[in-house]
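Since we're looking at a predicted model, the values are computed, not measured. Both counts, for ligands and for their atoms, begin at 1 and track the order of listing. Counting begins at 1 with the first residue of the sequence.
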Amino acid sequence: MKILIINAGSSSLKYQFMESEGGEVFAKGLCERIGIDGRLTHKVPGREDVKRDIPMPTHNEAIQAVLDIMVDPVNGVISSVDEIAAVGHRVLHGGMAFTASCIIDDACIEAIKKCIPLGPLHNPANLMGIEACQKIMPSTPQVAVFDTAFHMTMPPKAYIYAIPYEYYEKDDVRRYGFHGTSHRYVSARAIDMLGNPEHSKVISCHLGNGSSLAAVVDGKVVDTSMGLGPLAGFPMGTRSGDVDPTILEYLMGRYGYSIKEMLNILNKKSGVLGISGVSSDFRDLDAAAAGNERAALALDKFIYEVKKYIGAYAAAMGGVDAIVFTAGIGENSKDLRYRICEGLDYMGVKMDAEKNSVRGKEADVSAAGSKVKVFIIPTNEELMIAMDTAELCKK
Ligand code: AMP
């Protein structure tokens with residue numbers, strides 16, 4: 001089935017048009033500066049990229065621009081919009097309402113709206129993408145795929161916060177977790193690569209601009225590092241990960257920051273950028289680390305915290321069969337992967353440094369005799385979204 005995948009942000013919209021069986025990508029691209037002026041970048045494998053300035057006052061014009069270029073006689077890949085069998089939308093927060101992907105109808109939209117307080121930055125933008133598609137292609141079925149859904153199998157002891165229980169009961173305060181579509185894809189591939197055993201324990205490390213780990217037993221998440229929102233866990237590019245809440249009170253008192261300013265610091269100015277003062281990009285940190293103590297410290301901190309989570313999840317699961325690395329850092333940085341696995345021999349993790357010299361390719365990089373397999377698996381969230389969309393539409 002040919003599926004259009006939409007990932008709508010507040011001022012940008014990414015799209016990919018692909019085959020749900022086999023995952024062939026026909027075209028993909030990006031609308032930027034929505035609500036400001038508007039720019040489209042359209043990529044078709046084997047052709048030169050097309051860049052166009054197109055007015056995009058709202059997401060409606062952005063979706064229209066995507067459809068126009070898809071059927072363009074020169075730059076397009078289809079002759080009619082009818083060739084798009086369905087649209088799959090990435091939605092950040094599904095709250096407690098969504099444990100799986102769902103066909104978009106009025107009830108689904110209402111439920112996504114109810115999750116806005118939990119995902120105030122992303123859910124409204126995701127909804128704008130959905131509403132634009134409903135308006136412009138009203139007869140094409142649409143599906144919502146949630147970043148949180150895969151984590152909904154966590155047991156209460158993993159998702160409950162140790163604050164008054166009424167906040168869970170009345171206000172849905174709990175751990176949700178994110179990057180669920182990515183963790184779902186790579187953990188399923190890891191189980192395949194393990195030979196589909198009846199029982200499996202996988203630690204999935206999604207290490208990119210935003211990063212999270214998930215502990216997956218028999219294909220089901222039992223714990224994950226992000227929380228109610230995606231700021232939680234270990235340090236990321238610009239996000240702090242978990243911090244002692246006392247720090248907030250202390251700094252807000254000292255500098256008169258509002259909670260909004262404080263959260264902006266924790267979201268945008270912290271993580272490895274905050275420690276290093278150099279960059280949020282791990283390539284820049286690698287380059288700077290030799291002569292810059294703070295860049296080296298930022299990398300040390302990141303590696304140390306990921307290692308601690310791996311240890312914690314091995315303990316939580318009572319062992320581990322495979323550790324998987326994915327996303328920008330996980331797929332590309334052999335040094336970080338190596339340093340994360342270094343010293344984990346005591347739990348049966350032995351990496352083969354030579355096999356580890358790969359980038360962006362599926363690989364088993366464990367040394368001969370390693371009790372725990374170490375896999376690199378490029379993530380493919382779009383394929384997961386396309387497969388869910390096709391499956392729900394066939395039903
Ligand atoms: P993502 O969010 O998955 O697109 O990951 C993007 C991040 O991956 C970038 O900000 C970089 O920090 C990191 N990255 C990409 N390529 C490399 C590389 N070769 N070495 C280290 N980090 C990389």
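For atom 13 (C) of ligand 1, the nearest non-hydrogen atom of the protein is Ile329 CG1, 3.5 Å. Nearest non-hydrogen protein atom to atom 19 (N) of ligand 1 is Asn332 CB, 3.5 Å. Of the protein's heavy atoms, Phe282 N, 2.8 Å lies nearest to atom 12 (O) of ligand 1. Remark: minimum distance from atom 5 (O) of ligand 1 to any protein heavy atom is reached at Gly328 CA, 3.3 Å. Annotation: atom 7 (C) of ligand 1 to nearest protein heavy atom, Asn209 N, 4.0 Å.
Note: no N/O pair closer than 3.5 Å links Ser333 and ligand 1 by distance alone. Between Gly208 and ligand 1, not a single N/O pair is under 3.5 Å apart. Polar contact check, Leu207 against ligand 1: no nitrogen or oxygen pair lies under 3.5 Å apart.
The heavy atom nearest to atom 17 (C) of ligand 1, considering only His206, Arg283, Glu381, is found in Arg283.
Ligand 1 places these atoms under 4.0 Å from at least one heavy atom of Asp281: 9 (C), 10 (O), 11 (C), 12 (O). Contact atoms of ligand 1 toward Ala327: 3 (O) (distance under 4.0 Å to a heavy atom of the residue).
By the 6.0 Å and 45° rule, Arg174 stacks over the aromatic ring of Tyr159.
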After noting the C-alpha distance and the side-chain angles of Thr246 and Glu249, does the key distance pass the side-chain hydrogen bond (donor to acceptor under 3.5 Å, both in side chains) rule?
CA-CA 5 Å; Thr246 314; Glu249 187 197 24; 5.8 Å; no

Could you please spell out the steps behind the salt bridge (charged side-chain N to carboxylate O under 4.0 Å, His left out) verdict for Asp218 and Lys220?
CA-CA 6 Å; Asp218 299 343; Lys220 292 195 166 65; over 6 Å; no

Hey, mind stepping through Asp286 and Arg283 against salt bridge (charged side-chain N to carboxylate O under 4.0 Å, His left out) and telling me if it holds?
CA-CA 5 Å; Asp286 275 344; Arg283 285 164 288 200; over 6 Å; no

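For the side chain to side chain donor-acceptor pair (under 3.5 Å) condition, the pairs that include at least one residue of residues 12-21, sequence neighbours left out, are Tyr15-His42, Glu21-Lys394.
In plain terms, the two heavy atoms of Met252 and Ser258 that are nearest each other are CE-C, 3.8 Å.
Atom CD of Glu261 is surrounded by more than 12 heavy atoms from other residues, nucleotides or ligands within 6.0 Å.
The pair Lys373-Asp321 fails the salt-bridge criterion, with no side-chain N (NZ, NE, NH1 or NH2) lying under 4.0 Å from an Asp/Glu carboxylate O.
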